[in-house]
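One structure is given below, encoded as structure tokens.
Side chains included, hydrogens not; waters and symmetry mates left out as well; all remaining heavy atoms used. Lettering of chains follows the sequences in order, A, B, ..., and the numbering in each one begins at 1.
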2 protein chains.
Amino acid sequence: MPDAGPAPASGGRYAGRSAASAVATIASVARVTLQTIADEVGVSRMTVSNAFNRPDQLSAAMRAKILATADRLGYTGPDPTARALVRGSSGAIGVLLTDDLAYGFRDGVATDFLAAVADELGPTGLSLTLLSSEGRDGVVPARDVAVDGVLVFSCSLDSTARDWLVKRGLPLVLVDQEPDPGFASVGIDDYHGARLAAQHLVDLGHRHVGILISGGSPGTVGRLADPRREAEGWKYVSRQRLAGFLDVLEAAGAEAVAHHVAEHGDHAAAEQAREILGANPRPTALLCYSDVLAAGALRAAEDMGLAVPDDVSVVGFDDNPLATRVRPELTTVRQDAYAKGTAAARALTEALRTAQDGEPAEPVEVVLPTELVVRESSGPAPG
Amino acid sequence: MPDAGPAPASGGRYAGRSAASAVATIASVARVTLQTIADEVGVSRMTVSNAFNRPDQLSAAMRAKILATADRLGYTGPDPTARALVRGSSGAIGVLLTDDLAYGFRDGVATDFLAAVADELGPTGLSLTLLSSEGRDGVVPARDVAVDGVLVFSCSLDSTARDWLVKRGLPLVLVDQEPDPGFASVGIDDYHGARLAAQHLVDLGHRHVGILISGGSPGTVGRLADPRREAEGWKYVSRQRLAGFLDVLEAAGAEAVAHHVAEHGDHAAAEQAREILGANPRPTALLCYSDVLAAGALRAAEDMGLAVPDDVSVVGFDDNPLATRVRPELTTVRQDAYAKGTAAARALTEALRTAQDGEPAEPVEVVLPTELVVRESSGPAPG
DNA sequence: AAGTGGTTCTTGATCGGTACAGTAGCCGAG
DNA sequence: CTCGGCTACTGTACCGATCAAGAACCACTT
């Protein structure tokens with residue numbers, strides 16, 4: 001079956017590794033701890049501890065001797081868990097991603113955000129733990145995982161996971177959530193951005209605009225009879241953007257047709273876009289909740305033989321990397337997800353610091369600006 | 001001010017702890033522990049512990065009383081850290097991403113992989129901790145973060161982080177790494193896949209093929225004089241794919257021009273692609289290490305006014321989601337990154353299980369298949 | 001010679017829990 | 001009336017480390 005045989009090259013050296021695993025087998029039985037080293041060297045446990053954490057507390061000679069012995073016995077340094085217990089901090093911060101964890105890895109905005117968090121946290125030595133909202137099997141990550149603080153990201157309002165975090169009294173930073181006094185929050189000016197997008201279309205002469213939005217209950221798909229009302233229970237960001245769209249369109253006397261997309265993906269978006277664009281008279285433009293949805297709209301237009309922007313303009317939101325990968329490149333509202341991640345990480349480390357010092361924290365509230373980026377997908381209303 | 005005031009009554013004995021709690025009161029609101037609840041209810045610490053972990057060990061009435069009291073005092077359940085210490089496991093598994101953490105969030109293959117891991121881990125209640133390879137500031141995540149096992153993903157050979165993990169004796173699963181007896185490994189048949197891609201071009205009549213590859217030292221950019229030799233120190237996956245490309249091309253008597261791309265991104269790839277396609281005679285096809293690079297190649301071709309696939313064929317690798325988002329859609333070698341993630345997560349949970357039972361683990365070695373997916377970006381050699 | 005100050009190491013308590021081996025009270029069987 | 005067997009709790013010993021004091025020793029003052 002393997003028509004290609006084993007990989008060429010390699011010829012690697014396996015030395016050491018095999019020995020390591022042999023040791024590991026035994027090691028799991030008789031663990032090496034500070035005490036083991038202490039006994040071996042003939043000093044107290046504390047001195048060994050100091051050899052690792054406080055070089056200035058013992059003589060260089062002794063330290064060298066201890067480190068050498070530790071190395072010989074295969075001791076890798078103080079156990080992280082035990083250290084965490086006594087220090088009262090685990091050295092990890094959590095990220096709560098409600099819907100599904102996969103989202104955090106797929107959406108361009110989420111990944112930019114997380115990348116920034118990772119970059120910002122790196123130097124501090126904190127690591128990043130992903131908390132899934134629902135731990136089946138009786139385990140609730142938000143309750144049972146050791147973290148020093150949490151970034152609550154893109155999380156629905158009724159999250160029990162979030163409630164656990166609050167109960168635990170952990171330092172929290174709310175990201176893209178409705179600001180809540182008592183917690184630091186970081187977000188972008190969604191409302192303003194949405195207004196910019198809508199105004200752009202209005203300025204181009206569009207008076208009949210379709211809206212593609214997601215973020216509400218997965219149950220409601222398709223045209224929204226009364227968008228404002230139906231959006232009341234939605235995620236904060238969705239509500240904000242929708243409000244921005246509608247406020248401007250209504251003020252301009254334009255007709256708006258809003259459709260809710262079941263899930264935040266381009267396929268689902270294309271489906272709704274087809275419905276919107278199939279109407280007669282056809283809207284001359286589409287305002288989308290995100291670039292992901294806009295990409296779906298682009299695809300739908302293409303399938304229907306409509307030229308963008310000549311027949312229909314499409315405007316996205318986020319300035320996802322995706323926005324410049326599609327053709328035509330998307331006119332969109334730019335948010336700096338990376339900056340958002342940086343700000344969130346800073347806010348959290350700051351909160352961690354004040355919590356540690358016992359200072360009463362004064363939660364920051366960051367709102368990053370949004371701006372319109374005009375590219376190829378929008379143009380004057382036809383006709 | 002204190003809207004919740006100190007715990008009512010609480011005739012408990014704070015002896016010994018009182019000094020500490022006096023400080024704690026200021027610092028972080030006197031902590032509530034098992035003992036606090038025990039004192040309040042008038043039972044032993046152990047009984048409270050059982051109320052949370054072993055309902056069958058006490059009467060339902062007592063349990064209800066304890067739980068109610070715990071709730072009243074704001075106790076959220078046993079401290080994860082302390083529990084981890086005594087249980088010997090932290091409930092989190094790590095993912096080691098060497099280069100930069102951001103990579104794990106940007107590349108489609110990495111995200112698919114991680115999404116699968118997350119999905120697979122969810123039900124087990126394990127959470128996911130991202131380990132950056134280099135913790136500046138004296139902190140080395142691979143050494144200092146509490147995890148039960150680690151997925152070593154896309155990691156260069158000389159990783160000290162990886163060495164720490166090995167030293168710690170943690171269960172490891174190597175993903176897309178050179179298989180190492182002693183550790184479970186999961187990967188795909190890169191060599192075979194690369195052969196398929198190359199053979200596809202050969203079958204289409206191409207005899208002059210450019211190769212775009214990354215994964216070597218960032219220093220070496222541009223044309224490789226002696227690809228096979230220069231690739232010796234490269235990442236396993238890069239070596240495998242390059243070998244597959246070259247073996248087939250050489251066997252077919254085709255001319256191969258390989259360029260190394262500094263970083264795994266489309267911009268850098270476009271740059272190299274421009275160089276390759278600027279040659280005279282121009283190669284009639286481009287074999288790319290990944291779809292990301294292929295996307296860059298596509299962009300370069302477009303900029304140069306070359307039609308794909310009429311003037312030049314482009315073949316990618318991975319079947320990244322990106323592959324069907326670009327125009328023309330990419331002919332590529334499909335790997336199932338999601339399945340890879342699933343397999344890796346399973347292998348690790350399995351390793352965790354055997355390690356716990358003390359059974360001598362027998363590391364699995366999974367090699368997932370790869371297959372050619374022909375789309376729009378490849379066609380017969382021109383002329 | 002006693003006092004001062006600085007290293008270098010040790011002791012005992014503690015972090016918050018869980019495992020395991022009791023112990024008491026109670027019930028039916030012999 | 002006593003004993004095995006339950007049920008419902010309790011006591012003690014860790015898990016592997018760190019912290020805050022304290023002790024021993026050394027060189028130097030005064």
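- For A:Leu58, counting side-chain heavy atoms from C-beta on, the closest listed nucleotide (C:dG17, C:dT10, C:dC9) is C:dC9.
- Regarding contacts with the backbone of C:dG17, a side-chain N or O of B:Tyr75 is found under 4.0 angstrom from either OP1 or OP2.
- Candidate nucleotides D:dG11, D:dA17, C:dG16 were compared by shortest atom distance to the side chain of A:Asp79, and D:dA17 ranks first.
- Below the 3.5 angstrom threshold, one finds no donor paired with an acceptor across the side chain of A:Arg45 and the base of C:dT10.
- In terms of phosphate contacts, B:Arg87 brings no side-chain nitrogen or oxygen within less than 4.0 Å of OP1 or OP2 of C:dG17.
- Residue A:Thr47 has no polar side-chain atom (N or O) positioned under 4.0 Å from OP1 or OP2 of C:dC9.
- For A:Val86, the listed nucleotide lying nearest its side chain is D:dA17; candidates were C:dG16, D:dA17, C:dT10.
- Going from atom CD of A:Gln35 over to atom P of C:dT10 covers 11 Å, rounded to whole Å.
- Here B:Ser59 reaches the OP1 or OP2 of D:dC9: one of its side-chain N or O atoms lies under 4.0 Å away.
- Rounded to an integer number of Å, the gap from CG of B:Leu85 to P of D:dC15 is 9 Å.
- Between B:Phe153 and B:Phe113, the two ring planes are parallel [angle under 30°; tilted spans 30° to 60°].
- With D:dG16, D:dC9, C:dG16 as the candidates, the nucleotide lying closest to the side chain of A:Arg31 is D:dG16.
- Comparing A:Ala82 and A:Gln57, the nucleotide of DNA chain C nearest to each residue sits closer to the 5' end for A:Gln57.
- Look at A:Arg54 and you'll find a side-chain N or O under 4.0 angstrom from OP1 or OP2 of D:dC19.
- B:Thr33 has no side-chain polar atom (N or O) that falls below the 4.0 Å cut-off from OP1 or OP2 of C:dC15.
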Do A:Thr349 and A:Leu121 pass the side chain to side chain contact (heavy atoms under 4.5 Å, CB included) test, and can you show the C-alpha distance, the side-chain angles, and the key distance before you say yes or no? CA-CA 8 Å; A:Thr349 48; A:Leu121 253 32; 4.2 Å; yes

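- Distances shorter than 4.0 Å separate some side-chain N or O of B:Ser49 from OP1 or OP2 on C:dT18.
- The phosphate of D:dT18 has OP1 or OP2 within less than 4.0 Å of a side-chain N or O from A:Asn53.
- Rounding to the nearest 0.5 angstrom, the gap separating the CG atom in A:Leu352 from the CD atom in A:Glu350 is 9.5 Å.
- Ring geometry for B:Phe105 against A:Phe105 counts as parallel: the plane angle stays under 30°, on a 0 to 90° scale with 60° as the upper cut.
- Side-chain nitrogen and oxygen atoms of B:Arg83 include none within less than 4.0 Å of the OP1 or OP2 phosphate oxygen of C:dG17.
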Salt bridge (Lys or Arg N to Asp or Glu O under 4.0 Å), that's the test. Do B:Asp144 and B:Arg168 meet it? Break it down for me. CA-CA 10 Å; B:Asp144 302 325; B:Arg168 277 172 75 176; over 6 Å; no

